[in-house]
Amino acid sequence: MPPIIHKSDLKQWQNWHQTYTQKLELLVDVWNANASQSTTEGYADTTRGLQGLIAQALREGLELRALGAGWSFSTAPATSGILVNTKPLNYLFPAPRTHPSYAGSRENLLFVQCGNSVAELNHFLEEKMGKALPTSGASNGQTIAGAIATGTHGSSLDFGAMQDFVAGLHLIVSPERHVWLERASSPTIHDDIPQKLGAELIRDDRLFNAALVSLGSFGIVHGVLLVAEDRYYLQAYRQRMPLTDGLWRAMDQLDFSGVALPGSAGQKPYHLQFVINPNDLAGGVYVTVMYKHAQRPPDSRPPSPSSKLTPGDSALEIVGVLTDVASDLTIPVLGKLLDRFYGEFSDISGTPGQMFTDTTTRGKSFGSAVGVPLGQVRKTVETALAINREYAFPGLLALRYVMSSKATLAFTHHDPMTCVLDIDGASSARTKTFCQKVWQQLSAQQVPHTLHWGKINNLDGARVRSMYGPERIEAWLKARQALLTSPALRATFSNDYLRALGLA
């Protein structure tokens, strides 16, 4: 049965965080024909329906982009052509058959359709499989395809970003061709599954690593094969700590020898976040630490379901909540609200899906993120603080940490770990100018850095090549050409954002 394809009369679209409005030719909503039952036949029918939309785009000379939750601040998912809303596509296939050489557990595998949100995946994994995602962003509103396409990350000291738990991709690359893509060095799925889907099986590390963080430009990501792990619990603590040399070493190099982290009993943190109010350094730094356990720690309290802010919220969620409380988020108001809503706590525990719950933050906030290697963190933060002394902005700085990714254009590729400096504030010209000053100073000081693809940035072709190096860029472009084999296809899956980056 063909999927249900609804062509909307809307001629413009706004992203979730309301940072831009895009005029377009056609907005299309797509549902599986039988939304209540996940079947390979229904999935294959939807593949053919999506191929029909690609054929339409080619006939009419229009660009085409797949839309998830529209969570990106940047215009990565935008197009003036056909925007295909894939969010209703949420089939789930647990424990698929594995390749004979696969050494992992089949029970940890989950093949999911592109429209599944992170919140939906957390619920299914926990309730139906007794499993959990190894990491996620603080927000759960993104679809899985959108999250991996821009490199969404958390702050796990033992794991990378979300694309790093992906073992397979089902990509629709033309009206006649769709491919199942895996690493040759790690075959995972049994060969007969791509055959049942009618997909061409490709095992190639180079192509796979390039397609992971694709910015939506390698075709339509229809399905994603995830590697989960056994359900675990995070025991969380938050404490406001003075900005001592010991805390600076912890932030700069993850050297905890000079500081006593909240709740520490000699155990390495699983999740770590520092939140700094740059206009109140005397009050100290908010340090959130989470420790990983196989079982819920005894006597530990669950997160409060009524709390405006939860233990896993990042600076963006904090600012989002505070801008909902105060329509004009000035510097004094931000400080007072932060003290009220973002307090200290101890010994709160839950599964990842219970600790990272946000699916609502939108509007009025501005999000940017800079990735730097360890050892450059203090210099980066001090640069931002110096700029704030001359040009104060109503917002927060936050530090999160991500293991290096194999994805070719992962902005978290710094070895062995990337520290992500989130700069989040009220949506205003002043916040934007503050970020621009930080970016300019980091470049002037020759601090190696990258910028989050899905957040506000000032990237162009020259900056992208400087940040990633010509070898990475050429490898990514060659992989895209290998999958989108004609100039017409590459033009169809391009947009203004990709052209500005020099990646079209």
Side-chain angles (χ1 to χ4, degrees), residues 15-17 65-66 68-78 114 117-118 121 133-157 159-167 169 171 181 208-218 221 224 226-227 273 314-316 356 367-373 398-424 448-459 463-464 467-469 472-473 475-476 479-480 495 497-498 500-501 503:
N15 68 326
W16 178 260
H17 291 295
R65 306 291 284 183
W71 208 263
S72 290
F73 283 83
S74 75
T75 55
C114 54
S117 71
V118 180
L121 293 176
L133 295 173
T135 190
S136 71
S139 303
N140 283 343
Q142 310 103 314
T143 62
I144 184 61
I148 65 175
T150 54
T152 299
H153 65 94
S155 188
S156 169
L157 302 190
F159 203 84
M162 291 187 69
Q163 72 271 5
D164 298 312
F165 57 62
V166 175
L169 290 170
L171 287 166
L181 192 58
F208 183 78
N209 289 340
L212 278 174
V213 178
S214 68
L215 310 179
S217 68
F218 273 53
V221 177
V224 181
L226 311 178
V227 182
Q273 176 175 263
S314 68
L316 175 61
F356 303 97
S368 175
V370 180
V372 297
L399 302 176
R400 293 186 285 163
Y401 299 84
V402 192
M403 292 290 288
S404 181
S405 176
K406 292 182 180 179
T408 308
L409 286 193
F411 90 97
T412 52
H413 70 259
H414 302 287
D415 191 39
M417 181 168 282
T418 298
C419 174
V420 181
L421 169 64
D422 291 319
I423 305 175
D424 298 302
H449 66 283
T450 47
L451 296 177
H452 196 310
W453 300 109
K455 292 193 173 184
I456 301 296
N457 60 63
N458 69 338
L459 292 172
R463 291 185 183 92
V464 168
M467 290 174 177
Y468 291 86
R472 283 180 180 267
I473 301 302
W476 192 87
R480 186 169 184 256
N495 63 359
Y497 184 70
L498 204 67
L501 301 175
L503 297 175

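- In this structure, CD1 in I473 is found 9.5 Å from OG1 in T408, a value given to the nearest 0.5 Å.
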Evaluate the criterion side chain to side chain contact (heavy atoms under 4.5 Å, CB included) for residue pair S74 and K455; output intermediate values, then yes/no.
CA-CA 5 Å; S74 75; K455 292 193 173 184; over 6 Å; no
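- Here Y497 pairs with nothing under the ring pair (Phe, Tyr, Trp, His ring centres under 6.0 Å) rule; sequence neighbours left out.
- Heavy atoms only, all atoms of each residue included: S156 and T135 are closest at CB-OG1, 4.1 Å.
- Here the straight-line distance linking atom CG of L121 with atom CG of L226 works out to 6.0 Å at 0.5 Å rounding.
- Note: Y468 OH to T450 OG1 = 5.0 Å, rounded to the nearest 0.5 Å.
- Contacts of T418 classified as side-chain contact (heavy atoms from CB on, under 4.5 Å), with partners at least two apart in sequence or in another chain: T412, H414, V420.
- The two residues A211 and L171 make their nearest non-hydrogen contact at CB-CD1, 4.1 Å.
- With sequence neighbours excluded, the residues satisfying salt bridge (charged side-chain N to carboxylate O under 4.0 Å, His left out) with R463 are D460.
- For S404, the side-chain contact (heavy atoms from CB on, under 4.5 Å) partners at least two apart in sequence or on another chain are D415.
- Legend: residues meeting side chain to side chain donor-acceptor pair (under 3.5 Å) with H452, ordered by chain and number and at least two apart, are absent.
- Between the S368 side chain and the I423 main chain, no donor and acceptor come within less than 3.5 Å of each other.
- Residues forming a side chain to side chain donor-acceptor pair (under 3.5 Å) with S117 (at least two apart in sequence, or on another chain): E120.
- The list of side-chain hydrogen bond (donor to acceptor under 3.5 Å, both in side chains) pairs with a residue in residues 142-155, not counting sequence neighbours, is empty.
- Shown here are the side-chain contact (heavy atoms from CB on, under 4.5 Å) partners of A479, two or more places apart in sequence or in another chain: R206, L207, A210, F218.
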Could you walk me through whether L501 and L215 satisfy the side chain to side chain contact (heavy atoms under 4.5 Å, CB included) test, starting with their C-alpha distance in whole Å, then the side-chain angles of each, then the deciding distance to 0.1 Å, before giving a yes or no?
CA-CA 11 Å; L501 301 175; L215 310 179; 3.8 Å; yes
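- With sequence neighbours excluded, no residue satisfies side chain to side chain donor-acceptor pair (under 3.5 Å) with N495.
- Residues F208 and W476 place their aromatic rings such that the two centres sit no closer than 6.0 Å.
- Summarising the geometry, atom OG belonging to S214 is positioned 7.0 Å from atom CD1 belonging to I148; distances are rounded to the nearest 0.5 Å.
- Here the closest non-hydrogen pair linking A149 and G216 is CB-N, 4.1 Å.
- For the pair D422 (side chain) and D424 (backbone), a donor-acceptor distance under 3.5 Å is absent.
- Under the rule for a ring pair (Phe, Tyr, Trp, His ring centres under 6.0 Å), Y401 has no partner lying at least two apart in sequence or in another chain.
- A78 is linked by a side-chain contact (heavy atoms from CB on, under 4.5 Å) to Y20, Q22, T75, counting only residues two or more places apart in sequence or in another chain.
- Without hydrogens or angle criteria, R400 side chain to C419 main chain gives no donor-acceptor distance under 3.5 Å.
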